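Not measured: the values here are computed from a predicted model. Proteins come first, then strands; the chains are lettered A, B, ... in the order of their sequence lines, and each starts at number 1.
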Amino acid sequence: MFFHNFKYRLLQTVRAKEIMFWALGFTIILGTLFYAAFGNIYESEKFTAIPVAVVTEKEDKSFDELLNALSDGDGALLSVQYMDSSKAYEMLEEGEIEMAVIVDEKISLRIASSSDSVSVSIVSSVIDEYTSKAAIINEIAKTNPKDLDNAIKALSADITNAITEHKLTDANMNGYTDYFFNLIAMGIMFGSTFGLFAALHSQGNLSALGARRCVSPTKKIVSALADNLATVVSVFGCSVVTIVYVKFVLGVDLGNRFLLFFPTAFVASFMSVSLGYAVGSVGRLSDKAKEGILLVFTLFGGFLSGLMANSMRQLVEESAPIVNRINPAAVLTDSFYALAVCPNYDRYVRNLTTMLVMTAIFTTFGIVLSRRKKYASL
Amino acid sequence: MSTPVVKIENLVKRYKELIALDHFSLEIEEGEVFGLLGPNGSGKTTTINCLLSLLSYDKGNIEIFGSKMTPNNYEVKNNIGVVMQNVAVFDELTVYENIDYFCGLYVFDKAERKKLVEEAIEFVGLGEFRKFYPKKLSGGLLRRLNIACGIAHKPKLIIFDEPTVAVDPQSRNKILEGIEKLNKDGATVIYTSHYMEEVEQICTRIAIMDKGKCRAIGTNAELRKLIHNTETVTVEIAKPSDDDMSEISNLPHVYETEYSDGKLVVKYSGGKHNLIRLMNLLSEKQYSMGRVFSELPTLNDVFLEITGTALRDSEQ
């Protein structure tokens, strides 16, 4: 009996085009639009190796080794091209390169008018660092030649390590990713409509379908459990598709712990469905009115959690933090954020616990309101 | 005497100040097609909902198959089929899936259920629509699907709550034929409607409801005997003189005469050969007659005489 109800509720929710659009289609479309809108900004914020032309007028093996070290590997700081001076000046003139390092008696830097100031200051600091360290080594060679080897080793290591990226965590710190956390959360919260219809279809005083099911010999608790579990599976399925789409199709960096997004989405699906079931069980408002309430709740919750402006959650946190603690969309978004950004699990566990508590409250509310088997009026 | 399939005793249901059922009692025997006839708001659907334990009531007792009806009486529920007034099917499931789903709430065995679903589809004539979604069905076909969902599990008691509302005549006839067949196959049927013709056509016993009360109960013939009128003769004729009208009123068994719009209406209570006697009198008086009708009393006449309101009038 349970599986019979489960199977048909699952079929029914999967085929409910209107709700599926909001829970999945709309999320995918909005995610794609986000990607189109933020894609360029996102790309521009990624660090790429600085293209540098090197003109060797006088050989300097040590400097060549330094350049090789700084242009080696995936996280290379520089992208070095060796060429003669005329070619380098021509390319500088035409804006094909931003700067050229001239290695002569002295090491100097020529820059194009359009060069990026950050890149110039990075390359300048590399040259300055090398020049000053080379001067120290020359001085040691003259004054204390027996310590020269040790000095070269120490100073060489110091140079290559002088400019390194130091992350607070292994996390993705890109601010635009927050929109995608909000988006996934919104899709799951839209799933509450599935819970709403599960409630409407289970109660004799809310729909003809509910009445027909109530007069059958199936125990109400069995059909309610089957309905809710099937809707949770549907909502979770939608969220899995959304997460996979965002991560693998759009290529958004969700952090190193993105696999934990799935159990989080599963718990959130329970929360969302139980919220819908509770709203569906309230009073005698029309179906459309209840749907409207849920839609407004979901969208407004999404707005407060930063779906429309990613600074909103921070603003709410500063002025009314309690709202972030009780807004399901904000709690869910913050769970994803915590997984992607925070070095430990404290914040994530706090959010997960909040979601479980909310699920328990909504479920209790729904059960209390829907437990009647006989109604005063239909 | 066998236990009645349905026994309602002294049922009272109030909605604040409104009394929807006023000490309503009823017994339905096995094998009957029992009609609940009454205008909208007379308490038919309220009675059905109380019977199904969907609606709480203030006073009274309901037994089905000799067992007190409660929401948890699953054994009794297992033997009841309901065809609701409003179509109650899932838009997202096909015809076959809908019937299978509702049948599955009663029948667990898959093989048996498959057989029952096929029989139900055959019964309501939806064979070629089995893969259709409800939104693709016409109003009449949708009503048939609604019926199939209610009867697929072959219940012993089937309740039809106004199943022909907004249905075309062809589908209506199909539905009524189906109900008669279900009854012949052994099901006891409760049929509520405000269409007198349907109730007269299929019901073996009828209760006339008005304002929450059972005003009369019996077979079609028994109900007709409850009222004064046995025959109404209508003659298209020029207005008779007052003396002639008086003479007509004095004919045997006449209890009411009326002339309006070129028609003489004479009502009789009992007697035989009433029409011939009237024709002879009018011929003797050399009246030129148009069309002549002789009508036996209808349920509407019964309803009119019992409640003081015509059934169709009171619906408005």
Side-chain angles (χ1 to χ4, degrees), chain A residues 1-21 23 193-194 196-198 200-227 230-231 234 284 286-287 370-378, chain B residues 13-16 18 20 45-46 48-58 69-94 97-110 113 133 135 146 149-150 153 155 157 159 161:
Chain A
M1 185 52 62
F2 176 86
F3 288 106
H4 179 76
N5 274 282
F6 179 85
K7 174 188 141 185
Y8 276 112
R9 173 57 58 174
L10 195 62
L11 257 183
Q12 192 246 323
T13 50
V14 167
R15 290 177 187 167
K17 287 178 192 162
E18 203 175 315
I19 312 175
M20 284 302 276
F21 170 76
T193 315
F194 285 125
L196 171 81
F197 279 97
L200 296 178
H201 293 164
S202 72
Q203 291 181 65
N205 62 336
L206 297 181
S207 67
L209 269 168
R212 175 166 257 168
R213 296 174 84 201
C214 281
V215 300
S216 79
T218 303
K219 287 184 180 174
K220 201 169 181 180
I221 186 74
V222 174
S223 56
L225 272 176
D227 280 2
T231 48
S234 302
R284 305 209 54 182
S286 71
D287 301 3
S370 65
R371 67 182 170 167
R372 277 174 301 163
K373 292 175 180 173
K374 231 175 177 181
Y375 305 92
S377 62
L378 295 177
Chain B
K13 171 66 187 173
R14 288 193 186 89
Y15 295 107
K16 294 180 181 169
L18 178 77
T45 300
T46 302
I48 297 302
N49 288 332
C50 289
L51 191 67
L52 293 168
S53 236
L54 271 174
L55 204 55
S56 60
Y57 44 87
D58 301 284
M69 186 58 182
T70 64
N72 293 332
N73 196 337
Y74 299 114
E75 199 180 327
V76 167
K77 281 183 165 183
N78 208 33
N79 288 309
I80 300 177
V82 187
V83 177
M84 300 282 184
Q85 189 173 350
N86 297 320
V87 173
V89 295
F90 287 106
D91 287 339
E92 297 81 11
L93 301 181
T94 63
E97 288 165 347
N98 262 299
I99 301 171
D100 184 52
Y101 171 71
F102 287 108
C103 187
L105 298 178
Y106 300 80
V107 180
F108 306 151
D109 183 80
K110 270 188 181 178
R113 196 165 75 230
Y133 287 96
K135 280 186 177 170
N146 197 37
C149 291
H153 58 288
L157 172 65
I159 298 168
D161 190 6

J.: Which atoms of B/Tyr106 come close to chain A, meaning under 4.5 Å heavy atom to heavy atom: side chain ones, backbone ones, both, or neither?
T.: both
J.: Using every non-hydrogen atom in the two residues, find where B/Gly104 and B/Arg113 come nearest and quote the distance to one decimal.
T.: CA-CD, 3.3 Å
J.: Table please: side-chain donor-acceptor pairs of residues 81-93 of chain B below 3.5 Å, with sequence neighbours left out.
T.:
unit_1, atom_1, unit_2, atom_2, d
B/Gln85, OE1, B/Thr45, OG1, 3.3
B/Glu92, OE1, A/Gln12, NE2, 3.1

J.: Answer whether the closest heavy-atom distance between the side chains of B/Asp100 and A/Tyr8 falls below 4.5 Å.
T.: yes
J.: Go through the atoms of A/Lys17 and report whether side chain, backbone, both or neither lie under 4.5 Å from a heavy atom of chain B.
T.: neither
J.: Is B/Lys13 close to chain A through its backbone or its side chain, or both, or neither, when contacts mean heavy atoms under 4.5 Å?
T.: side chain
J.: Please enumerate all residues that pass salt bridge (Lys or Arg N to Asp or Glu O under 4.0 Å) together with A/Arg212, with sequence neighbours excluded.
T.: none
J.: How about B/Cys50 and B/Leu55: do any of their side-chain heavy atoms sit closer than 4.5 Å?
T.: yes
J.: Could you tell me which portion of A/Asn205 (side chain, backbone, both or neither) has an atom closer than 4.5 angstrom to a non-hydrogen atom of chain B?
T.: neither
J.: With only heavy atoms counted, which part of B/Asn98 is less than 4.5 Å from chain A, the side chain, the backbone, both or neither?
T.: neither
J.: As an exercise: rank B/Asn79, B/Asp58, B/Leu52 by heavy-atom pairs under 4.5 Å with chain A and give me the winner.
T.: B/Leu52
J.: Taking every heavy-atom pair that is under 4.5 Å apart, which of A/Val215, A/Leu11, A/Thr218, A/Val14 has the most such pairs with chain B?
T.: A/Val215
J.: Does atom CZ (A/Phe3) have a neighbourhood of more than 12 heavy atoms from anything else shown, all under 6.0 Å?
T.: no
J.: For B/Leu105, which atoms come within 4.5 Å of any heavy atom of chain A: side chain, backbone, both, or neither?
T.: both
J.: Which word best sums up how the rings of A/Phe2 and A/Phe6 line up, parallel for under 30°, tilted for 30 to 60°, or perpendicular for over 60°?
T.: parallel
J.: Which bit of B/Cys149 is near chain A, if near means a heavy-atom gap under 4.5 Å: side chain, backbone, both or neither?
T.: both
J.: Would you mind checking which part of B/Asn73 comes under 4.5 Å of any heavy atom in chain A, side chain (CB onward), backbone (N, CA, C, O), both or neither?
T.: neither
J.: Any donor and acceptor pair, going by atom type alone, linking the side chain of A/Lys220 with main-chain N or O of A/Cys214 inside 3.5 Å?
T.: no
J.: Mind ranking A/Lys219, A/Met1, A/Arg15, A/Arg213 by heavy-atom pairs under 4.5 Å with chain B and telling me who comes out on top?
T.: A/Arg15
